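Just below is one structure, and these are the notes that go with it.
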Protein chains: 2
Amino acid sequence: MNAPISLAHLKTACSSCNLRELCLPVGLSHEQLETLDELVYTRKRLKRGESLFRSGDEFQSLYAIRSGFFKTRVATSDGRDQVSGFQMAGELLGIDGIGTDTHNCDAVALEDSEVCVIPYSKLEELSRRFEPLQHHFHKVMSREIVRDHGVMLLLGSMRAEERLAAFLLNLSQRFTARGYSASEFILRMTREEIGSYLGLKLETVSRTFSKFQDEGLVSVQQKHIRITDIPGLRKVMGQTGASSC
Amino acid sequence: MNAPISLAHLKTACSSCNLRELCLPVGLSHEQLETLDELVYTRKRLKRGESLFRSGDEFQSLYAIRSGFFKTRVATSDGRDQVSGFQMAGELLGIDGIGTDTHNCDAVALEDSEVCVIPYSKLEELSRRFEPLQHHFHKVMSREIVRDHGVMLLLGSMRAEERLAAFLLNLSQRFTARGYSASEFILRMTREEIGSYLGLKLETVSRTFSKFQDEGLVSVQQKHIRITDIPGLRKVMGQTGASSC
DNA sequence: CCGGGCGGTTGACATGGATCAAAGCGCGCC
DNA sequence: GGCGCGCTTTGATCCATGTCAACCGCCCGG
């Protein structure tokens, strides 16, 4: 049922991974890190468009993104679906599966990607023996909840321009954290996927990009984005409709 | 800064709590339960309108609701806020604080309520020693994430009627799980709070209630709700705008 | 028992974003 | 390297929901 996925049985070491400051082991000492190395046995490569897991799949592992870009997608029983997040290197996929032992969303690679496979039972076992790991794992889950509340706020009370500004600033900040440019990047997702995530139609996303460009906030060329006025975008996000006061 | 809150230093035992099938200890054996009793030292009573914690407060404990009804509320930097959830007996409050050691939302009692105070460091310690507790706590957090994704889907792609139908059915189901009527209950929150949660204005909530009443789906009298046609409400939720095909 | 205020309802109107439609372009596949 | 499809842009129109306003009525306190 799943598309074929190449499985690389490579020995992976968190202790030597250059994402360790973003990923599960963040903040652990070097010797603590070496304890972690027994957690990750395998990696998995995915090509663009392939699913890492799908809603309904049995849950067994979490996945840490080593490279690439993903979206997660949730669906209603009546066939509508929505992008629930975009994930990049160092972020964790699959947490949704813990609660029901079954995945509740699809994770799809938006470009050729590689993930570390973290067997969940192993993670639980290790985090019982190893307090800093337990603590950090809890933090990761808690932050995911806080992030989701932020998206709920965006979806429930922001206007189209504010949503897109918030989206761009969020991407910018995450790229910065990974050592990339804060102001210039390639969007890995389509206008439709952005719209789905932001609760807008693709036409609205496109129009809003054009509007931002006219206003000199960004320079848009297809998927290539250059933010030319970060404070300006912040101001767009901050303004409360204005008409309501 | 906080409103005065009465602290009851009562010995509380999960093992004899009639909410144990809904709360943290769900699914544990009786002897396992007794290990849990050392987790909860105190309870806290809150009157209607009081805050259990506020955004920015230092995070120290989780709270299990023994009785009553709460809302949580998140805010943007520019002053807008939104209800992020309604919580009832057996549910856990405060998970948002784990990630940053600081609470990221306000929790407000919507009626006189009582909570069990669960010191978080104690919970981590116990769940290291006690695998089923660890496992269940992870499940609770994961389910919260899945729930939030459901709300995001609602906010991003449902119409007003679908949102309100989903809201009523969700309440109904949660009341059922607590042994109350699935079809008749008192809303603890105002139309404005419902609207905030659902990304609608209070007038829209009110109008939609009236519409449901005209259609014979519910009988509404202020905060008193009687669902007269549960399958009908389900159908409202399921229909996909219809115009889009 | 009465009065005031808050929460709720309803109506009229405004509007942001959806929808429908059509054309351009750019990227990937062969 | 060229072709075709999918993504994007842009325009015209429509509609769901927001906004503004007025009134109602329940509940609480005096």
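Note that this is a predicted model, so its numbers are computed, not measured. Proteins get letters first, then strands, A, B, ... in listed order; numbering begins at 1 in each.
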- Rounded to whole Å, CE of A:Met189 lies from C1' of D:dT8 at a distance of 16 Å
- Item | End axis versus end axis in the helix from C:dC1-D:dG30 to C:dC30-D:dG1, the angle rounded to 10°, five pairs used at each terminus | 60°
- Non-hydrogen atoms of B:Ile65 and B:Gln87 that approach each other most closely: CD1-CB, 3.5 Å
- Charged N to carboxylate O under 4.0 angstrom, B:Arg178 versus B:Glu91? yes
Under 3.5 Å, N/O pairs linking protein and nucleotides 10-18 of chain D:
residue : atom : partner  : partner atom : Å
D:dT10  : OP2  : A:Ser210 : OG           : 2.5
D:dG11  : N7   : A:Arg207 : NH1          : 2.8
D:dG11  : O6   : A:Arg207 : NH2          : 3.1
D:dA12  : N6   : A:Arg207 : NH2          : 3.4
D:dT17  : OP1  : B:Ala160 : N            : 2.7
D:dG18  : OP2  : B:Lys201 : N            : 3.3
D:dG18  : OP2  : B:Thr204 : OG1          : 2.4

- Item | Over all atoms of both residues, closest heavy-atom pair of A:Ala182 and A:Ile230 | O-CD1, 4.3 Å
- Nearest-Å distance, CZ (B:Arg188) to P (C:dG7)? 16 Å
- Message: With a 4.0 Å cut-off on N to O distance, would you call A:Glu50 and A:Lys44 a salt bridge?
- Response: no
- Task: Would you mind reading off the distance between B:Phe212 atom CZ and C:dG8 atom P, rounded to a whole angstrom?
- Result: 17 Å
- For the side-chain hydrogen bond (donor to acceptor under 3.5 Å, both in side chains) test, which of A:Arg188, A:Arg73, A:Lys71 pairs with A:Glu193? A:Lys71
- Task: Step through it carefully: locate the ring centre of A:Tyr197, locate the ring centre of A:Phe86, and say whether they are under 6.0 Å apart.
- Result: yes
- Task: Starting at atom CG of B:Leu110, determine the distance to atom P of C:dG7, rounded to an integer number of angstrom.
- Result: 12 Å
- Message: I need the CG-P distance between B:Leu187 and C:dG7, as an integer number of Å.
- Response: 15 Å
- Mind checking whether A:Tyr63 and A:Phe53 have parallel, tilted or perpendicular rings, split at 30° and 60°? parallel
- Item | Cationic N near anionic O, under 4.0 Å, B:Glu215 to B:Lys211 | yes
- Message: Ignoring hydrogens, what is the shortest heavy-atom contact between B:Phe70 and B:Ala107? Give both atom names and the distance.
- Response: CD2-C, 4.4 Å
- Task: Tell me whether the OP1 or OP2 atom of D:dC7 has a side-chain N or O from A:Arg191 closer than 4.0 Å.
- Result: no
Extract from the structure each pairing of a protein N or O with an N or O of nucleotides 22-27 of chain C at less than 3.5 Å, listing the distance.
none

- Shortest non-hydrogen contact from B:Thr204 toward B:Ala160: CG2-CB, 3.9 Å
- Query: To the nearest angstrom, how far is B:Ile186 atom CD1 from D:dC27 atom C1'?
  - Reply: 14 Å
- Gap between atom CE of B:Met152 and atom OG of B:Ser157 - 0.5 Å precision: 10.5 Å
- Item | Atom-pair distance (NZ on B:Lys223; C1' on D:dC27), nearest Å | 11 Å
